[in-house]
Amino acid sequence: ASTAAYGDYLDAVERHDVTLYEVQAGDTLSPGNATVRFVNPPAERVSEDLHDNAASFVVSYGGTAFLFTGDAEASTEDRLVERHADALAADVYQAGHHGSSTSASDAFLDAVGPTKVVISSALDSQYDHPHEEVLRRFADRGYETYWTAVHGTVTMVSDGRSVSVTTEQAGPTDPLELLDRKQATPSASLVGPHSLVA
């Protein structure tokens with residue numbers, strides 16, 4: 001990428017002498033007793049879109065698994081289901097693209113089948129994340145949902161058999177209650193120097 005943020009990232013990698021891995025689908029890493037299996041990006045680049053090439057991976061520890069897909073969107077999710085359906089099942093899913101409607105498709109959620117979801121976005125996200133339809137999909141499936149805007153830092157710990165959750169702040173984990181909280185907050189795009197916020 002040619003963004004300033006990516007430049008800062010590379011500077012930090014160099015400053016802290018961190019090993020940098022260039023990964024693709026099929027690669028694995030083994031930190032400690034865990035296994036990290038990459039399902040994206042594909043070996044053959046499908047486009048120049050950063051979202052299509054988002055690093056997506058499953059971290060497994062014992063009988064538990066966590067799935068991270070970055071900003072992968074529905075077209076990438078479709079490819080992941082087609083090529084890696086058996087490897088996507090996870091207990092915990094970090095909601096793709098901050099809970100955007102461009103991610104978390106029905107077919108993808110069916111393949112992953114998590115019990116817990118974490119959404120990382122601000123309460124007044126300029127992109128209105130997470131989107132209502134995504135929260136409703138999570139509610140339809142009964143996912144225990146954590147949203148950093150409501151819960152603050154979310155820490156999940158696996159003992160290899162189950163996953164325990166600790167949050168910085170108490171809050172509901174029902175996606176529809178989170179939707180109510182979201183709808184009660186003015187959108188960042190509506191808040192400005194001439195706006196009246198009740």
Side-chain angles (χ1 to χ4, degrees), residues 34-37 39-40 51 54-74 76-77 80-81 85 87-191 197-198:
T35 300
V36 181
R37 182 173 185 275
V39 294
N40 204 56
H51 296 160
S56 302
F57 53 93
V58 178
V59 179
S60 301
Y61 178 69
T64 61
F66 299 72
L67 174 65
F68 302 86
T69 60
D71 283 349
E73 296 184 332
T76 300
E77 292 178 347
L80 294 180
V81 170
L88 298 175
D91 303 281
V92 178
Y93 165 53
Q94 182 175 9
H97 212 162
H98 312 282
S100 168
S101 60
T102 61
S103 299
S105 65
D106 286 320
F108 188 72
L109 294 177
D110 289 344
V112 178
T115 57
K116 297 173 175 56
V117 175
V118 179
I119 303 167
S120 177
S121 74
L123 192 60
D124 59 351
S125 162
Q126 64 177 319
Y127 301 106
D128 200 31
H129 295 150
H131 291 151
E132 177 177 347
E133 53 266 59
V134 171
L135 288 170
R136 291 192 181 281
R137 277 181 223 145
F138 293 170
D140 289 345
R141 290 169 169 77
Y143 296 163
E144 188 177 305
T145 303
Y146 297 86
W147 180 17
T148 57
V150 172
H151 298 97
T153 300
V154 178
T155 304
M156 296 196 174
V157 177
S158 168
D159 62 5
R161 294 181 301 279
S162 61
V163 177
S164 61
V165 184
T166 305
T167 61
E168 184 178 12
Q169 298 156 185
T173 58
D174 180 321
L176 296 182
E177 289 184 50
L178 294 173
L179 178 59
D180 288 343
R181 181 84 60 99
K182 177 181 185 296
Q183 292 174 335
T185 303
S187 170
S189 61
L190 301 177
V191 179
V197 179

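Remember, predicted model here, so these are calculated numbers, not experimental data. FYI, the numbering just counts along the sequence from 1. For the numbers below, each heavy atom of this structure counts, side chains included, while hydrogens, waters and symmetry mates do not.
Salt-bridge formation is detected for the pair Glu132/Arg136: a Lys NZ or Arg NE/NH1/NH2 atom is positioned less than 4.0 Å from an Asp or Glu carboxylate oxygen. The residues Asp91 and Arg161 are annotated as not salt-bridged, no charged nitrogen and carboxylate oxygen being separated by less than 4.0 angstrom.
Among all heavy-atom pairs drawn from Val58 and Ala65, the shortest one is CG1-CB, 3.9 Å. The minimum heavy-atom distance between Ser103 and Val134, with the atom names listed, is O-CG2, 4.1 Å. Nearest approach of Val59 to Ala34, heavy atoms of both residues: CG1-CB, 4.4 Å. Considering every non-hydrogen atom in both Ala87 and Arg37, the closest pair reads CB-NH1, 3.1 Å. Nearest heavy atom pair, residue Arg181 against residue Pro172, reads NH2-CD, 3.3 Å. Counting all heavy atoms, side chain and backbone alike, Thr64 lies closest to Ser162 at CG2-N, 3.8 Å.
Note that OG of Ser100 and CD1 of Ile119 are 11.0 Å apart. Values are rounded to the nearest 0.5 Å. In this structure, CD on Gln94 lies 7.5 Å from OG1 on Thr69, to the nearest 0.5 angstrom. Phe66 contributes atom CZ, which lies 10.5 Å from atom OH of Tyr61 (distance to the nearest 0.5 angstrom). Note that OG of Ser120 is 11.5 Å distant from NE2 of His97, once rounded to the nearest 0.5 Å.
The side-chain heavy atoms of Glu168 and His151, taken from C-beta on, include no pair separated by under 4.5 Å. Val165 places a side-chain heavy atom less than 4.5 Å from the side chain of Val154. Between Val81 and Leu88 there is a side-chain heavy-atom pair separated by less than 4.5 Å. At least one side-chain heavy atom of Leu109 sits under 4.5 Å from a side-chain heavy atom of Arg141.
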How far apart are the C-alpha atoms of Lys182 and Val150, what are their side-chain angles, what is the distance that settles it, and do they pass the side chain to side chain contact (heavy atoms under 4.5 Å, CB included) test?
CA-CA 9 Å; Lys182 177 181 185 296; Val150 172; over 6 Å; no

Just do the side chain to side chain contact (heavy atoms under 4.5 Å, CB included) check on Met156 and Val118 with the steps written out, would you?
CA-CA 10 Å; Met156 296 196 174; Val118 179; 3.4 Å; yes

Full working for side chain to side chain contact (heavy atoms under 4.5 Å, CB included) between Leu123 and Trp147:
CA-CA 9 Å; Leu123 192 60; Trp147 180 17; 3.6 Å; yes

For the pair Thr76 and Asn40, evaluate side chain to side chain contact (heavy atoms under 4.5 Å, CB included) and give the outcome as yes or no after the intermediate values.
CA-CA 8 Å; Thr76 300; Asn40 204 56; 3.7 Å; yes

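Considering Arg137, His131, Glu73 in turn, His131 is the only one that fulfils the side chain to side chain donor-acceptor pair (under 3.5 Å) rule with Ser101. Of the candidates Leu178, Leu135, Thr145, Leu135 is the only one forming a side-chain contact (heavy atoms from CB on, under 4.5 Å) with Pro130.
In this pair, Phe138 and Tyr143 present their aromatic rings tilted. The plane angle is within the 30 to 60° band.
For the pair His129 (side chain) and Ser125 (backbone), a donor-acceptor distance under 3.5 Å is absent. One N or O on the side chain of Thr148 and one on the backbone of Ser121 form a donor-acceptor pair closer than 3.5 Å. At least one donor-acceptor pair closer than 3.5 Å links the side chain of Glu77 to the backbone N or O of Ser105.
Here Tyr146 pairs with Glu144 under the side-chain hydrogen bond (donor to acceptor under 3.5 Å, both in side chains) rule; sequence neighbours left out.
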